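Inspection log for the structure reproduced underneath, given as structure tokens.
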Amino acid sequence: MMRTAVNNPWRKLHDLAGVLVKDVWRYAPALRDVARDHRQDGPWITLRNRNEVLETNPAGRGVHCRWTWSSELHACKVVPALGRRLMKLALAQWPISFADLPISTTGRRISFVFAHEGTERLPHLQHVIRTIFAQQGVQAECVVADLSPEPIDSQLPNGVVYVHVDS
């Protein structure tokens with residue numbers, strides 16, 4: 001039976017050694033719990049994989065990830081305690097909020113289009129829409145193109161642009 005890299009104990013040891021030697025020195029200072037102004041980014045926001053590049057946002061908070069596809073933070077995958085600490089700091093500074101209607105009427109306008117079908121994942125869609133509505137500084141619009149046999153518009157938050165697509 002062939003072992004995959006995920007189950008290979010030597011690979012795990014190799015990854016752990018790499019994180020301890022090359023990454024912990026970057027993570028430790030960035031993940032310290034220090035009192036800071038929550039209107040500014042904490043040092044945790046600059047954490048990235050070694051082969052990735054970040055650019056600071058010249059217009060304000062946040063960073064721009066200079067790579068094409070999303071990626072997991074390798075060090076957090078190898079040492080989950082780093083990931084837990086990072087998540088705690090990120091949520092303290094950038095909490096997840098919910099709103100039943102869009103709260104911002106100023107700023108850039110952005111539209112989110114969701115293709116959806118059925119009711120199995122409807123609670124997930126409802127929560128995602130409510131987090132989008134809670135965004136500040138942007139005019140958020142949510143469009144749901146629904147492929148369900150029966151319309152679900154009455155189960156979506158007010159303010160959603162709803163299109164029932166007959167299949």
Side-chain angles (χ1 to χ4, degrees), residues 1-100 102-104 107-108 110-138 140-142 144 156-157:
M1 183 165 111
M2 179 182 259
R3 290 185 171 211
T4 63
V6 174
N7 295 325
N8 184 335
W10 295 113
R11 182 66 196 183
K12 288 182 178 183
L13 185 60
H14 174 269
D15 287 349
L16 179 60
V19 168
L20 293 176
V21 170
K22 296 182 179 181
D23 294 314
V24 167
W25 65 270
R26 293 184 305 121
Y27 276 75
L31 297 179
R32 282 198 192 105
D33 191 13
V34 294
R36 65 181 164 277
D37 183 352
H38 285 286
R39 292 171 294 178
Q40 297 178 357
D41 292 328
W44 58 267
I45 203 162
T46 61
L47 293 174
R48 57 178 174 68
N49 290 320
R50 285 176 252 141
N51 63 336
E52 297 168 342
V53 177
L54 295 172
E55 289 179 355
T56 58
N57 179 4
R61 296 174 67 190
V63 293
H64 179 226
C65 303
R66 300 297 295 175
W67 55 91
T68 305
W69 307 109
S70 178
S71 64
E72 294 179 352
L73 288 173
H74 177 73
C76 295
K77 190 174 180 180
V78 173
V79 182
L82 295 175
R84 286 190 295 275
R85 185 78 186 123
L86 176 58
M87 182 62 100
K88 182 178 178 182
L89 289 173
L91 288 175
Q93 191 168 1
W94 296 81
I96 297 172
S97 301
F98 298 93
D100 293 324
I103 60 173
S104 265
R108 290 185 174 160
I110 185 166
S111 296
F112 294 83
V113 180
F114 297 96
H116 180 78
E117 181 177 9
T119 57
E120 183 178 313
R121 295 178 50 94
L122 183 58
H124 302 284
L125 178 63
Q126 293 164 334
H127 288 304
V128 168
I129 290 170
R130 291 183 63 233
T131 63
I132 291 169
F133 281 172
Q135 298 300 306
Q136 298 178 9
V138 294
E141 170 188 55
C142 290
V144 174
L156 295 173

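In what follows, every heavy atom counts, from backbone to side chain, and hydrogens, waters and symmetry copies are set aside. Small disclaimer: the values here were computed from a predicted structure and weren't measured.
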message: Heavy-atom count check: over 12 atoms from other residues, nucleotides or ligands less than 6.0 Å from E55 CD?
response: yes
statement: Tightest non-hydrogen contact, residues L89 and R32, listed as CD1-O, 4.3 Å
message: On a heavy-atom basis, which atom in V19 and which in H74 lie closest, and how many Å separate them?
response: CG2-CD2, 4.0 Å
task: Take N57 and H64, measure what side-chain contact (heavy atoms from CB on, under 4.5 Å) needs, and give me the verdict at the end.
output: CA-CA 6 Å; N57 179 4; H64 179 226; over 6 Å; no
- prompt: For atom CD1 of I96, is the number of surrounding heavy atoms from other residues, nucleotides or ligands below 6.0 Å larger than 12?
  reply: no
query: Just checking, any donor-acceptor pair under 3.5 angstrom between side chains of S104 and Q135?
result: no
- prompt: Donor-acceptor pair, N49 side chain versus E72 backbone, under 3.5 Å?
  reply: yes
- prompt: Of all heavy-atom pairs between P58 and T56, which one has the smallest distance, and what is that distance?
  reply: CD-O, 3.2 Å
Check: residues 24-31 side-chain donor-acceptor pairs under 3.5 Å, at least two apart:
unit_1 : atom_1 : unit_2 : atom_2 : d
W25    : NE1    : K22    : O      : 2.7
R26    : NH1    : R48    : O      : 3.1
R26    : NH2    : D23    : OD1    : 2.8
R26    : NH2    : R48    : O      : 3.0

May I have the list of side-chain donor-acceptor pairs in residues 125-133 shorter than 3.5 Å, sequence neighbours left out?
unit_1 : atom_1 : unit_2 : atom_2 : d
Q126   : NE2    : Q155   : O      : 2.6
R130   : NE     : D100   : OD1    : 2.9
T131   : OG1    : V128   : O      : 2.7

field: Reported SG-to-CG distance for the pair C142 and L156, which is rounded to 0.5 angstrom
entry: 9.5 Å
- prompt: How about E52: does its CD atom have over 12 heavy atoms from other parts shown lying under 6.0 Å from it?
  reply: yes
task: Quick one: pull up CD in Q136 and OG in S97 and give me the separation to the nearest 0.5 Å.
output: 7.0 Å
message: Quick check on R50: does its CZ atom have over 12 non-hydrogen neighbours (other residues, nucleotides or ligands) under 6.0 Å away?
response: yes
message: Show, in sequence, the C-alpha distance, side-chain angles and deciding distance for I110 and E141, and conclude whether the side-chain contact (heavy atoms from CB on, under 4.5 Å) test is met.
response: CA-CA 6 Å; I110 185 166; E141 170 188 55; over 6 Å; no
Identified side-chain contact (heavy atoms from CB on, under 4.5 Å) counterpart of L47 within the set L86, L82, L54: L86
